[in-house]
There are 2 protein chains.
Amino acid sequence: MPDAANPAPMNTPSRRRFRREGEERRRQDLIEATLDSVAEHGLQGATLRTIALRAGVTAGLIRHYFPGKEELLQEAYAALMGRMTEQAKAALVMEDASPRQRLAAFVTANLNVPIIDARVFSLWATFIGRAGADPSLARAHREGYLGFRNEVEAVVAEVLAAERREPDASQLRHHAIAINAIIDGLWIEGCLAGDMFSPGELAAIGIKTVEAELGLAPEREDNQ
Amino acid sequence: MPDAANPAPMNTPSRRRFRREGEERRRQDLIEATLDSVAEHGLQGATLRTIALRAGVTAGLIRHYFPGKEELLQEAYAALMGRMTEQAKAALVMEDASPRQRLAAFVTANLNVPIIDARVFSLWATFIGRAGADPSLARAHREGYLGFRNEVEAVVAEVLAAERREPDASQLRHHAIAINAIIDGLWIEGCLAGDMFSPGELAAIGIKTVEAELGLAPEREDNQ
DNA sequence: GGGCTATTTATACACTTGCACAACAAGCTC
DNA sequence: GAGCTTGTTGTGCAAGTGTATAAATAGCCC
């Protein structure tokens, strides 16, 4: 019996070499690997082994950082949502710009890369599809949605104020709902079939539609 | 050992009783059970055993009607898409109605039950989330989307013609893209958080936004 | 009613999954 | 460098997966 429990007496063929990373780093790597796996193979294809392989570790390690797969997925979704809303709102912080310009910039930012992105859309759809059955997902979405809509509503209020118009709360709410829908709808179209639109086309349509919704006079074509 | 391989010598405890259904009936039942399972537990929870249980048969039978799980899922998705586009287009066949009324009816139909429906949305999101990785899904979506958009474009052309306006092809296309986005965006909001809107509110917003996009004069409030 | 056929059940199998746990070594402290 | 902590690996396991296939029986034709 030359090869029993010890396969070769020369040297224990050595386990895999590894480095100890900081906790925060590992957790983020694992979350990113999870998002990649879900985007590529869906929730069913995102197994612990697939995720670990992508993160460059072995499956057992995941249990060292997360109580279970469920929690890993939840944290990954939270990270995704956080990034999305953060990017969207970032377009609103413009100094020295008229409300109307800020609104236009907001629409433009939401209808171009990196927000128009097939991977992000795939993730969003995959997770949101479970919202009907998973209350925590539904709540997370609702919070993100309302936050987004409130941002829209605030800008709309500024724009209309600059136009000397005084909408009541109900009108403001309707404007925000409609504009949010316009952006969402165009975002989906862009993510799913970006090649059907020329660069900047979606943003142009978005701005025009939003301004029509608000009853703003069309901009002159010849300004600068 | 009183209970060995034969648990009771009295009578072979009998297999499950069953009825032979027609092929078409069985296939449809299985597809419906598949959609139910996907809507409730996601793609990962839609196992052959779950589906079979819901359809009132045993798992093995599925292989008698479908080559494999993959094909069952594809047929289920096709059935879903077919039903969705069919319902959406059905709202357009109105005799004795002005183009503008038909457009309004179209928007209204798409923003109320049964098209506003959490289960259908869950299914749509779950499947469309895989479009990035599955070309056949992506193609199916694109065809459905373009079909829908072309319907919109046709009605828009009628509406504008009735208003003595003569948009060129590019303007028509932009209108269709925008209106499609408005409907999609409001549809999502209604499916995900229908309780945040009063009955008919989404449809009212949709009509107003669409008419603003087309530059139609607001309707008088006092007509009948 | 007696047989025939093919729908349906039931069981088996190879494989994957999430999770548990023991062994190991990377890198800090002294 | 010795020793210790703990991040990391590897293996094992029970449950569940899709598929294959044999056995049974429902319902039709005569």
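Order of the sequence lines sets the chain letters (A, B, ...), proteins ahead of strands, with each chain counted from 1.
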Original post:
Between A:Gln44 and A:Gly60, which is nearer to the 5' end of DNA chain C once each is assigned its nearest nucleotide?
Top reply: A:Gln44

Original post:
Quick one: B:Ile62 CD1 to C:dT9 P, roughly how many Å, whole number?
Top reply: 11 Å

**OP:** May I ask you to decide if the ring planes of A:Tyr145 and A:His141 are parallel, tilted or perpendicular, using 30° and 60° as cut-offs?
**Re:** parallel

Original post:
Which of residues 48-55 of chain A sit near DNA chain C, with a heavy atom under 4.0 Å from it?
Top reply: A:Leu48, A:Arg49

Original post:
Rounded to whole angstroms, how far apart are CZ on A:Arg25 and P on D:dT8?
Top reply: 11 Å

Polar atom pairs (N or O), protein with nucleotides 23-25 of chain D, under 3.5 Å:
| residue | atom | partner | partner atom | Å |
| --- | --- | --- | --- | --- |
| D:dA24 | O4' | B:Arg15 | NH1 | 2.4 |

**OP:** Name the orientation class of the two ring planes belonging to B:Tyr77 and B:Phe127 (parallel below 30°, tilted from 30 to 60°, perpendicular beyond 60°).
**Re:** tilted

Subject >> For DNA chain C, the residues among residues 68-77 of chain B that have a non-hydrogen atom under 4.0 Å from it >> reply: none

**OP:** Measure the shortest side-chain to side-chain distance between B:Ile179 and B:Leu214 over non-hydrogen atoms and say whether it is less than 4.5 angstrom.
**Re:** yes

Subject >> Length of the line joining B:Arg19:CZ and C:dT9:P, which is rounded to integer Å >> reply: 12 Å

**OP:** For A:Arg119 and A:Ala39, indicate whether the former's side chain and the latter's backbone hold a donor-acceptor pair under 3.5 Å.
**Re:** no

Please tabulate, one pair per line, all N/O donor-acceptor pairs under 3.5 Å involving side-chain atoms of residues 83-90 of chain B, not counting sequence neighbours.
| residue | atom | partner | partner atom | Å |
| --- | --- | --- | --- | --- |
| B:Arg83 | NH2 | B:Glu32 | OE1 | 3.2 |
| B:Thr85 | OG1 | B:Met81 | O | 3.2 |
| B:Thr85 | OG1 | B:Gly82 | O | 3.2 |

**OP:** Give a yes or no answer on whether the side chain of A:Asn112 reaches the backbone of A:Thr108 with a donor-acceptor pair at less than 3.5 Å.
**Re:** yes

Original post:
Any side-chain donor paired with an acceptor under 3.5 Å for B:Thr47 and B:Thr50?
Top reply: yes

Original post:
In whole angstroms, how far is the C1' atom of D:dG7 from the CZ atom of A:Phe66?
Top reply: 14 Å

Original post:
What's the CZ-C1' distance between A:Arg63 and C:dT17, to the nearest Å?
Top reply: 14 Å

**OP:** For A:Trp187 and A:Asn110, indicate whether the former's side chain and the latter's backbone hold a donor-acceptor pair under 3.5 Å.
**Re:** no

Subject >> 5' precedence on DNA chain D between B:Ala59 and B:Arg17 (nearest-nucleotide basis) >> reply: B:Ala59

Original post:
Can you check the A:Glu23 CD to D:dT5 P distance for me, whole Å?
Top reply: 19 Å

**OP:** For B:Tyr65, answer base if it contacts any base atom (sugar-phosphate contacts may also be present), sugar-phosphate if it contacts only those atoms, and nothing otherwise; contact means non-hydrogen atoms under 4.0 Å.
**Re:** sugar-phosphate

**OP:** Would you please name every residue forming a side chain to side chain contact (heavy atoms under 4.5 Å, CB included) with A:Glu201, sequence neighbours left out?
**Re:** A:Phe197, A:Ser198, A:Ile205, B:Arg173, B:His174

Atom pairs and distances, side-chain donor-acceptor, residues 129-139 of chain B, under 3.5 Å, sequence neighbours left out:
| residue | atom | partner | partner atom | Å |
| --- | --- | --- | --- | --- |
| B:Arg130 | NH2 | A:Glu40 | O | 3.1 |
| B:Asp134 | OD1 | B:Ser136 | N | 3.0 |
| B:Asp134 | OD1 | B:Ser136 | OG | 2.8 |
| B:Asp134 | OD1 | B:Leu137 | N | 3.4 |

Original post:
With a non-hydrogen cut-off below 4.0 angstrom, is B:Glu21 in contact with a base, only sugar-phosphate, or nothing?
Top reply: sugar-phosphate

Original post:
Can B:His175 and B:Glu153 be counted as having a side-chain donor-acceptor contact under 3.5 angstrom?
Top reply: no

Original post:
For B:Thr58, which contact category applies under a 4.0 Å heavy-atom criterion: base, sugar-phosphate, or nothing?
Top reply: base

**OP:** Using atom NE2 of A:His64 as one end and atom C1' of C:dC21 as the other, report the distance to the nearest whole Å.
**Re:** 13 Å

**OP:** For the pair B:Phe148 and B:Phe106, name the ring-plane relationship: parallel under 30°, tilted 30 to 60°, perpendicular over 60°.
**Re:** tilted

Original post:
Whole Å only: how far is the CG atom of B:Asp29 from the C1' atom of C:dT7?
Top reply: 14 Å

